[in-house]
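Let me begin by presenting the structure, written as C-alpha cells, before commenting on it.
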Amino acid sequence: MTEKPDNLTIVHICVMILMGTACALFFIHFVTGIIDYNIDAHANYVKEYATIVRYEAVQNRYQGYAYTTYYEYEADDGVYYGMWQRLIEDEEEAKAQVGKKVPIYVDHTLKRHRKDINISSDYIWIAGTISLVCFVVFLNSFVREIIFIVKWKKYKKELQMQSTNKR
C-alpha cells in the first residue's frame, strides 16, 4: 500500500453525494408529510358538493388518449378546484361526468379541501424509511472513507519514519 487508490475514494464520494441528496429530498417530503398530516387530522372538514366542470384529453402511454375530469366548488371564502378522476378511457364517459355533483370535504377556516377524509400516514412512513436508508448508506460510505484515510495517513507516516531511519 504505497499510494491511496483514487477510484475507491471516487466511488465513496459519488455514493455520498447521491445518498446525501436523496436523503435530503426524502427528508423534506417526510417533514412536509408530517405537517400536512397534522393539519388534516385537526381540520374541521365539512362535506360539500362540487361540480365537475371540464375534462381534458391526456396522452396515455399505453392506449393513446385518456381523459381527466376536474371539479370546482364556489364558496363565500373562495373557489375550490381540483382533479376528480383520471385515466378515463372513453371520452363519452368523461363528457357525461361534466355537470355531475361530487362530494368534497372543505375546511372553510383553513381554506383547505380534500376529495376524501381518510387520512393516512403511509406517505410519511415511506418517505421517512427511504430517507433513513439513504442516510445509513451515506454514513456507511462516509465512515469507511474516513477510516481508510486515517489508515492511509498512518501508513504513509510509518513509511516516512522507515525511510528516515534507513539514512
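With sequence neighbours excluded, the residues forming a side-chain contact (heavy atoms from CB on, under 4.5 Å) with Phe27 are Phe30, Val31, Ser131, listed by chain and number.
In the hydrophobic clustering, where aliphatic and aromatic side chains (Ile, Leu, Val, Met, Phe, Trp, Tyr) are joined below 4.5 Å either directly or transitively, Tyr70 groups with Met83.
Taking all atoms of both residues into account, the shortest heavy-atom contact from Val106 to Tyr80 is CG1-CZ, 3.6 Å. For Leu110 against Ala43, the heavy-atom pair with the smallest separation is CD1-CB, 3.9 Å.
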- Verdict with reasoning, Val79 to Glu72, per side-chain contact (heavy atoms from CB on, under 4.5 Å): CA-CA 7 Å; Val79 177; Glu72 188 174 288; 3.6 Å; yes
- Residue pair Ile88, Thr69: steps toward the side-chain contact (heavy atoms from CB on, under 4.5 Å) verdict: CA-CA 8 Å; Ile88 301 170; Thr69 56; 3.7 Å; yes
- Message: Show, in sequence, the C-alpha distance, side-chain angles and deciding distance for Val150 and Lys154, and conclude whether the side-chain contact (heavy atoms from CB on, under 4.5 Å) test is met.
- Response: CA-CA 6 Å; Val150 168; Lys154 183 179 174 186; 5.5 Å; no
- Item | Derivation and outcome, side-chain contact (heavy atoms from CB on, under 4.5 Å), residues Asp107 and Val46 | CA-CA 6 Å; Asp107 184 326; Val46 177; over 6 Å; no
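Between Glu56 and Arg54, at least one side-chain nitrogen of the basic residue sits less than 4.0 Å from a carboxylate oxygen of the acidic one, meeting the salt-bridge criterion. Asp36 and Arg112 are joined by a salt bridge, as a carboxylate oxygen and a charged side-chain nitrogen come within less than 4.0 angstrom of each other.
The closest side-chain donor-acceptor pair between Glu91 and Tyr55 falls under 3.5 angstrom. Under 3.5 Å, the side chains of Thr68 and Gln85 contain no donor-acceptor pair of N or O atoms.
Relative ring orientation between His108 and Tyr73 is described as tilted, the plane-to-plane angle lying within the 30° to 60° band.
Between Ile104 and Tyr71 the shortest side-chain heavy-atom distance falls below 4.5 Å. By the 4.5 Å heavy-atom criterion applied to side chains, Tyr105 and Glu48 are not counted as neighbours.
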Using a 3.5 Å cut-off and no angle test, enumerate the donor-acceptor pairs between side-chain atoms of residues 14-26 and protein atoms at least two apart in sequence or in another chain.
from	atom 1	to	atom 2	distance (Å)
Thr21	OG1	Ile17	O	2.8

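Of the possible polar contacts, one joining the Thr32 side chain to the Ile28 backbone as a donor-acceptor pair under 3.5 Å is found. Here the side chain of Thr51 pairs no donor or acceptor atom with the backbone of Val53 at under 3.5 angstrom.
Counting non-hydrogen atoms of other residues, nucleotides and ligands closer than 6.0 Å to OH of Tyr81 gives a total of 12 or fewer.
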